[in-house]
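Scope of the values below: all heavy atoms of this structure, side chains included, with no hydrogens, waters or symmetry mates. Since the model is a prediction, treat every value here as computed from it, not as a measurement. Proteins come first, then strands; the chains are lettered A, B, ... in the order of their sequence lines, and each starts at number 1.
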Amino acid sequence: MDTQIITKSLFATPVVALFTLSAPALADGVDAGTLIENTATATYEDGDGPQTVDSNTVVVRVDELIDVTVTSLDSGPIGTSPGEAVLTFEVTNQGNGPEAYELTANPTVAGNDFDTTITNIAVDTNGNGTYDPGVDEILTAPETTQVLAADETLTVFVIVEVPVDAADTEASDVELTAEAVTGTGAPGTVFAGQGVDGGDAIVGTTGADDSAVGTLIVGITSVDLTKSVSVVDPFGGTSTVPGSIATFTIAADVEGSGSVDDLVVTDAIPDGTTYVASSLELDGNPLTDASGDDAGEASDAAGISVDLGTVSGGTTHSITFDVTID
Amino acid sequence: MNMFKKMAATLLIVCCAAMPAGALAQDRSPITLSGDVMAVETAVDADGNETTQLVAPDVIVPGDRLVFGTDYANNGAEPVENFVVTNPLPGAVRLAPDAAADLVVSVDGGTVWGTLAELSVTQEDGTSRGATHSDVTHVRWTLATIAPGDSGRLEYPAIIR
């Protein structure tokens, strides 16, 4: 009787084990270290009635596949000017086991108009996709990521210095390479015993290394202001006498391949003159003197101010206003 | 008492080797089942011809092909009838697309059986679709009778998920 109970519980044990093995939800490749266990069961009838017999269980362990991809997360060339620039990349563990990757940034890519200097490689510690100095961890040499789980991604920033002699419209590529710490090589290369749980690690189709290129393009933009004046006197001439009206024209010429933001042109009303109310114009269109209702504002005391906002290179704006000579 | 304990311990050890039912039943069973697994190695020769061979599964990774085999034999003096071998697929593999089309399979854990073409799967939204190789949970072979001394081999190919 006791024996029967034991037998029952023994039958129960392998059944539970089989369910456990078939339970895991498997995404992109079985995890390294997974045990594949196969058992066949036969039922048949002989002279004594129905019978059941199990085969032995064969077990194989899934080895670790080492694969990695690197992609640029920048949607296109990053506009920059001499000074610091940041390129964004993503490193993905395409293997089926945990792996860390050593990162190398190469600023001297063939075809570059100029070469940058690599300042740092940083990881997106707070996961917001934007480089935050002082928050995002800067890797120290040899720049190595933390261990990434299978299918885990990591956002990496390459911070570079654009040289002062980089000219407008010149471009430069920066290449980021990630190499598996376990090792790299031709697909199929085996690192015996270096996989999960002492299994083997095998190099996958990526060769366990990958690289991607991010591009910088220099946009140097300058603003040139030219001021001119024309005078009409009360007698139809051009003499500067009391009562003459002077019309000032300010030409704002934005040059270069980039754009300027928050461009505000201001000018004071000269001593000995009085602003002519409602004379402010932008590109021939009148602006009110009041502040806040349009791009311009003007008064005798404060002078004129016109907010041009963001202006692309190659654009010229003309601002005019009138004063009366006192 | 002591003897009982000893016996229990022995049985537990057998259990850990994952073959308790077989060990218990085979003592009086004329049928033996012997499982094995081989990896399929594909090589390309100088002329570009692909050749495959079965090798011991030394290094295996997702995407690799395995062949699970079961050798059976009737060592008894009497024939056995209605011989049915059922093999649950390990969760980490899927049935290979080149498995025999007339192989009887189940896609629901062994409740409904048929060839893959006859089976369907109910999706989350309640609609039904035809079953695919990766849905297969079990494979099954049925032999009407095995004469004394007869033996054979049953195989199914699988790909590591």
For this session: Count the heavy-atom pairs under 4.5 Å between each of A:Thr43, A:Ile202, A:Val59, A:Val190 and chain B, then report the option with the highest count.
Result: A:Thr43
Exercise. Is chain A contacted by the side chain of B:Leu66, its backbone, both, or neither, given a heavy-atom distance below 4.5 Å?
Worked result: side chain
Exercise. Donor-acceptor pair, A:Thr189 side chain versus A:Pro187 backbone, under 3.5 Å?
Worked result: no
Seminar exercise, completed: One option among A:Asp200, A:Val62, A:Thr41 has the most heavy-atom pairs under 4.5 Å with chain B, and it is A:Thr41
For this session: Among A:Asp74, A:Asp173, A:Asn112, find the one that has a side-chain hydrogen bond (donor to acceptor under 3.5 Å, both in side chains) with A:Thr215.
Result: A:Asp173
Exercise. B:Asp102: what forms a salt bridge (charged side-chain N to carboxylate O under 4.0 Å, His left out) with it, not counting sequence neighbours?
Worked result: none
Problem set entry | Part of residues 50-60 of chain B lying next to chain A, heavy-atom separation under 4.5 Å | B:Pro57, B:Asp58, B:Val59, B:Ile60
Exercise. Which value, rounded to the nearest 0.5 Å, describes the distance between A:Leu103 atom CG and A:Leu139 atom CG?
Worked result: 6.5 Å
Problem set entry | Chi angles and distances behind the side-chain hydrogen bond (donor to acceptor under 3.5 Å, both in side chains) call for A:Asp151, A:Asn93 | CA-CA 5 Å; A:Asp151 299 330; A:Asn93 178 357; over 6 Å; no
Problem set entry | Residues of residues 67-78 of chain B with any heavy atom under 4.5 Å of a heavy atom in chain A | B:Phe68, B:Thr70
Exercise. Which word best sums up how the rings of B:Phe83 and A:Tyr44 line up, parallel for under 30°, tilted for 30 to 60°, or perpendicular for over 60°?
Worked result: tilted
Problem set entry | Straight-line distance of A:Ile36 CD1 to B:Arg161 CZ, nearest 0.5 Å | 10.5 Å
For this session: Mind ranking B:Val80, B:Asn82, B:Val37, B:Val84 by heavy-atom pairs under 4.5 Å with chain A and telling me who comes out on top?
Result: B:Val84
Seminar exercise, completed: Taken in chain and number order and not counting sequence neighbours, the residues that satisfy ring pair (Phe, Tyr, Trp, His ring centres under 6.0 Å) with A:Phe191 are none
For this session: Pick whichever of B:Val61, B:Val85, B:Thr145 has the most heavy-atom pairs under 4.5 Å with chain A.
Result: B:Val61
For this session: Please round to the nearest 0.5 Å and tell me the distance separating atom CG of B:Asp36 and atom CG of A:Asn56.
Result: 8.0 Å
Exercise. At what distance, to the nearest 0.5 angstrom, does CD of A:Glu64 lie from CD of A:Glu99?
Worked result: 5.5 Å
For this session: Go through the steps to decide whether A:Thr34 and A:Asp31 satisfy the test side-chain hydrogen bond (donor to acceptor under 3.5 Å, both in side chains), and finish with yes or no.
Result: CA-CA 6 Å; A:Thr34 301; A:Asp31 285 347; 5.5 Å; no
Problem set entry | Pair A:Thr184-A:Asp209, side-chain donor/acceptor within less than 3.5 Å | no
